Amino acid sequence: MNMLLPRLWLCLAACSLSAMPASADTTVRSLSKVRGAIKTADARAAFDREMSGAPAPDGFGQQLPEGFTRDFLALQIAPGRDPNRMVLAGAKPWPQRPGMYVGVVCLGALPIYAAETPRHPAWDCKGSENNAGNEIWFGVFERGAGNVPRLVARTDVPVAVPTDWGSAGNIDVPPTIDSGDGKGAVVGLPQTWQRFDLAPYLLRDGDYAFGVRAGWFESYAGGGASFEALYLFQIDGKSLRVVFAQPMMFNQMLAGEWHKDGTRSHDVSSSSNSLVVLSSVTDGFHDLQLREKGGKSRQTFQWSEKMKFYQPQ
């Protein structure tokens, strides 16, 4: 994990002020009280990761299953790309499809971006804001003859589908995406690709998608903010396609006034969603619904056969 993150949360006036939240859910008297004021487990987990500086869990399965190697994954998932650019490669069993695995390869824009990987392994794949030009590819495998992994499907090109923040009423927008003037589409590519999400996302009978969590981080005076989105990938023949890309969580903290005892007030705001597969069906695909955890916000998405993508209703 980037050991600078804990210090980013506590940066002083030199940091950008553009990310200041408009209002706070809660104001606490000191930094030690911030965690207790965060409303959901997802937001608390993000706060813990950023404050502790501890190594992140192996979210992309870089401890590879038997039969998988980094070079094998690069050759299968990102053919024709320079393997010397590899930042990370991983694979995990796919619980909803026994005997199958999801895989990932992250390539740096240049080999120099991968030079430190053996000594300082990356836990995520930097995206649009860091090391611009990095590529992330995904694939699905099954065990073939002799128990050797066999590629079933992969992304045809590096993933470049932006997250749509326009329908997420309870999730604040990362300032790097939001123009602040209310004009234009509120969409943007992730700063980081973080981990697989292998919950049972059933699209239609026998057809599960797998998820990937992506994120953003903002720093500003005396605080910071983290944001997370969910991408769903569906097997379509020999291709993997993104069919859903929506925000799931934000957590913001802004330092306020100092107190005589040396503590400092902090404004805390957070919210997170769960994705529910509904029984209703549109064009043969289950409708999906984002539900605010501990709140009333609901947003339903239906399959668009024309777009081959879930659209907000």
Side-chain angles (χ1 to χ4, degrees), residues 77-78 94 96-97 100 102-105 125 127-128 134-140 152-171 173-174 176-178 184-216 227-250 272-292 297-313:
I77 297 178
W94 190 353
Q96 283 72 48
R97 292 177 180 252
M100 301 184 76
V102 293
V104 60
V105 168
C125 180
S128 61
N134 278 10
E135 297 177 357
I136 192 162
W137 300 71
F138 294 96
V140 171
V152 174
R154 66 174 179 87
T155 46
D156 297 325
V157 295
V159 179
V161 177
T163 302
D164 177 10
W165 294 80
S167 58
N170 65 307
I171 306 292
V173 181
T176 53
I177 294 174
D178 189 1
V186 187
V187 298
L189 294 171
Q191 289 179 354
T192 63
W193 297 89
Q194 299 174 337
R195 65 191 186 278
F196 286 122
D197 177 347
L198 301 179
Y201 297 117
L202 180 64
L203 303 184
R204 52 187 175 176
D205 290 347
D207 185 5
Y208 285 92
F210 70 86
V212 176
R213 294 295 180 127
W216 293 255
F227 306 81
E228 191 171 275
L230 171 64
Y231 281 66
L232 294 184
F233 291 79
Q234 182 206 19
I235 298 175
D236 182 17
K238 294 183 178 181
S239 298
L240 279 179
R241 294 188 299 104
V242 177
V243 296
F244 181 88
Q246 289 290 322
M248 296 294 285
M249 183 277 298
F250 87 99
S272 62
N273 290 328
S274 59
L275 183 63
V276 178
V277 178
L278 302 179
S279 59
S280 54
V281 172
T282 301
D283 288 335
F285 285 74
H286 284 282
D287 299 336
L288 305 178
Q289 188 175 78
L290 286 176
R291 296 181 181 177
E292 182 182 8
S297 176
R298 300 286 188 272
Q299 177 64 61
T300 300
F301 298 81
Q302 293 182 339
W303 180 255
S304 167
E305 186 61 27
K306 178 181 179 180
M307 303 296 294
K308 303 292 185 182
F309 198 83
Y310 276 92
Q311 301 287 342
Q313 300 305 300

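If you read the sequence from its start, that first residue is 1, and numbering goes on from there. Computed from a predicted model, the values in this text were never measured in an experiment. Values below: all heavy atoms of this structure, side chains included; hydrogens, waters and symmetry mates excluded.
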Check: L278 main-chain N/O paired with H286 side-chain donor or acceptor under 3.5 Å: yes
Below 4.5 Å, heavy atoms only, C-beta onward: do F227 and V173 meet side chain to side chain? no
Could you go through D207 and R97, starting from their C-alpha distance and side-chain angles, then the distance that decides it, and tell me whether this counts as salt bridge (charged side-chain N to carboxylate O under 4.0 Å, His left out)? CA-CA 9 Å; D207 185 5; R97 292 177 180 252; 3.3 Å; yes
Determine the sole option in F309, Y310, F244, Y201 for which the ring pair (Phe, Tyr, Trp, His ring centres under 6.0 Å) test with F301 is passed. F244
Taking it one step at a time, do F210 and V140 satisfy side chain to side chain contact (heavy atoms under 4.5 Å, CB included)? CA-CA 10 Å; F210 70 86; V140 171; 3.7 Å; yes
Would you find more than 12 non-hydrogen atoms of other residues, nucleotides or ligands less than 6.0 Å from D205 atom CG? no
To check you understand the geometry: which heavy-atom pair defines the closest contact between G237 and A153, and what is its length? O-CB, 4.0 Å
Given 3.5 Å as the limit, does a donor-acceptor pair link the side chain of W216 with the main chain of L189, or not? yes
Under 3.5 Å, is there a donor-acceptor pair between the side chain of Y231 and the main chain of V161? yes
Can a donor-acceptor pair be found between the side chains of T300 and Q313 at a distance below 3.5 Å? no
Shortest non-hydrogen contact between G211 and L230, atoms and distance: CA-CD1, 4.0 Å
For the side chain of S304 and the backbone of M307, is there at least one donor-acceptor N/O pair under 3.5 Å apart? yes
How many angstroms lie between atom CG of L275 and atom CG of L232, to the nearest 0.5 angstrom? 6.0 Å
Qualifying residue for side-chain contact (heavy atoms from CB on, under 4.5 Å) with F285, from L203, V243, V277: L203
T163 side, atom OG1; E228 side, atom CD - distance, nearest 0.5 Å: 10.5 Å
So do the side chains of Q299 and Q246 get within less than 4.5 Å of each other, counting heavy atoms only? no
Is the closest side-chain heavy-atom distance between F233 and V212 below 4.5 Å? yes
Mind checking whether I177 and V187 have side chains closer than 4.5 Å, heavy atoms only? no
Would you check if L240 and I235 make a side-chain contact, meaning some heavy-atom pair closer than 4.5 Å? yes
Does any donor atom in the side chain of R241 or Q234 lie under 3.5 Å from an acceptor atom in the other side chain? yes
Flag the pair W303 / L288 as yes when at least one side-chain heavy-atom distance between them is below 4.5 Å, and no otherwise. no
Would you indicate whether the side-chain heavy atoms of M100 and V152 approach each other to under 4.5 Å? yes
